[in-house]
Number of protein chains: 2
Amino acid sequence: MEQIGYAPPPPNLDAVFAALADPTRRAILSRLAQGDASVGELALPFKMSQPAVSKHLKVLEKAGLVQRGIDKQRRPARLNAEPMAAAIDWLETFRDFWSSSFDQLDDLLESLKKQTPEGDPP
Amino acid sequence: MEQIGYAPPPPNLDAVFAALADPTRRAILSRLAQGDASVGELALPFKMSQPAVSKHLKVLEKAGLVQRGIDKQRRPARLNAEPMAAAIDWLETFRDFWSSSFDQLDDLLESLKKQTPEGDPP
DNA sequence: TTGTTCCATAACCAGAAGGTAATATAAATA
DNA sequence: TATTTATATTACCTTCTGGTTATGGAACAA
């Protein structure tokens, strides 16, 4: 028995969000939250070919969301949620903006009477 | 002055995560966190054509992350972070899995000695 | 050894994504 | 009215994505 692919790369938000953008992959992650699963086990409930699932797993793996093991002929997948924390970290920087969504429309109407204001981007 | 596109659609995680998967779009969102901006203002710092930015804005709009206004010839974009909350909600369901990332490798090694366990998917 | 199970890989395809340049449109300005 | 400004739209191109079938290889089982 072995383990491959040590030292998962630092979370790449591009890859992480892209991986999460597919419903099949999110379902796979949810499934893996209940325990490791082989490719075959994952392929069953989704009416999809086995190679398709292998592809999805590879996308999840490159995003660091899944690690693979080796167990006889199987290559069990295990959830690695750390990149999700990175995604949340990024999203949290916007937290201020969804607490005050009340009079947001009023704000918009108001702000547009003046000219558009400040700001220099990345 | 007017406002268009009322009643933003309920957050679609597919669209939200896909929108977030592009670094230009994340940069646009960060920029908008500092204040509304017109298309031209957004296009400047990114060395990209104006139509490209318009496309990105449309993706963000469909994901509900941005609302557009009308101010004379301008169509200022405003951040709407609510869909981010939905994204976080989904991600938070995995929170258990990134607190215990210590001996995760050991866990993996251990679990693979037995057969793969339980679980029935979506 | 032979077959079977589990998975990966290759080749292929249609459609979506991300970019461009060129053009059209709408509102402000001269 | 003519021009300029701000944005959208169109047409086009290339690359990526998500799926397929077919095939190959490794490990177990008979």
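Naming convention: chains lettered A, B, ... in sequence-line order (proteins, then strands); numbering from 1 in each chain.
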Next item on the list: For the pair B:R26 (side chain) and B:L20 (backbone), establish whether a donor and an acceptor sit closer than 3.5 Å, ignoring hydrogens and angles.
Entry: yes
Next item on the list: Using atom types as modelled and distance alone, determine if a side-chain donor or acceptor of A:R68 lies under 3.5 Å from a backbone N or O of A:R75.
Entry: yes
Item checked: Length of the line joining A:R68:CZ and C:dT9:C1', which is rounded to integer Å -> 13 Å
Checklist line | Distance, rounded to the nearest Å, where A:D71 contributes CG and C:dT5 contributes P | finding: 17 Å
Check: B:R25 side chain N/O closer than 4.0 Å to the phosphate oxygens (OP1, OP2) of C:dG18?
Finding: yes
Next item on the list: Please figure out whether A:A18 or A:Q73 has its closest DNA chain D nucleotide nearer the 5' end.
Entry: A:A18
Item checked: Donor-acceptor contact present, side-chain A:R25 to main-chain A:A18, <3.5 Å -> yes
Checklist line | DNA chain D: 5'-most and 3'-most nucleotides touching chain B, 4.0 angstrom heavy-atom criterion | finding: D:dT5 to D:dT9
Notebook entry, point to check: Which whole-number value in Å describes the distance from B:D14 CG to C:dA17 C1'?
Noted result: 15 Å
Margin query: Distance check, rounded to the nearest 0.5 Å: B:M48 atom CE versus B:T24 atom OG1?
Written below: 4.0 Å
Note to self: Please report the distance, rounded to the nearest Å, between NZ in B:K62 and C1' in C:dA17.
What the structure shows: 12 Å
Next item on the list: Working to the nearest 0.5 Å, report the span between CD1 of A:I88 and CG of B:D89.
Entry: 9.0 Å
Margin query: Less than 4.0 angstrom from a charged side-chain N to a carboxylate O is my criterion; do A:K58 and A:E61 meet it?
Written below: no
Next item on the list: Provide, to the nearest angstrom, the distance between the CZ atom belonging to B:F17 and the C1' atom belonging to C:dA16.
Entry: 20 Å
Margin query: Do A:L42 and A:L32 have side chains that approach each other closer than 4.5 Å (heavy atoms only, starting at C-beta)?
Written below: yes
Next item on the list: Output the distance between atom CG (B:L44) and atom NZ (B:K47), rounded to the nearest 0.5 Å.
Entry: 14.5 Å
Note to self: Under 4.0 Å, heavy atom to any atom of DNA chain C: which of residues 47-57 of chain A qualify?
What the structure shows: A:Q50, A:P51, A:S54
Checklist line | Euclidean distance, atom CZ of residue B:F46 to atom P of C:dG18 [Å, nearest integer] | finding: 14 Å
Check: Has A:S38 got a side-chain N or O lying under 4.0 Å from the OP1 or OP2 atom of C:dC7?
Finding: yes
Next item on the list: May I have the distance from B:I70 (atom CD1) to C:dA27 (atom C1'), rounded to whole angstrom?
Entry: 11 Å
Note to self: Quick one, A:L29 and B:W90 - any side-chain contact, counting heavy atoms below 4.5 Å?
What the structure shows: yes
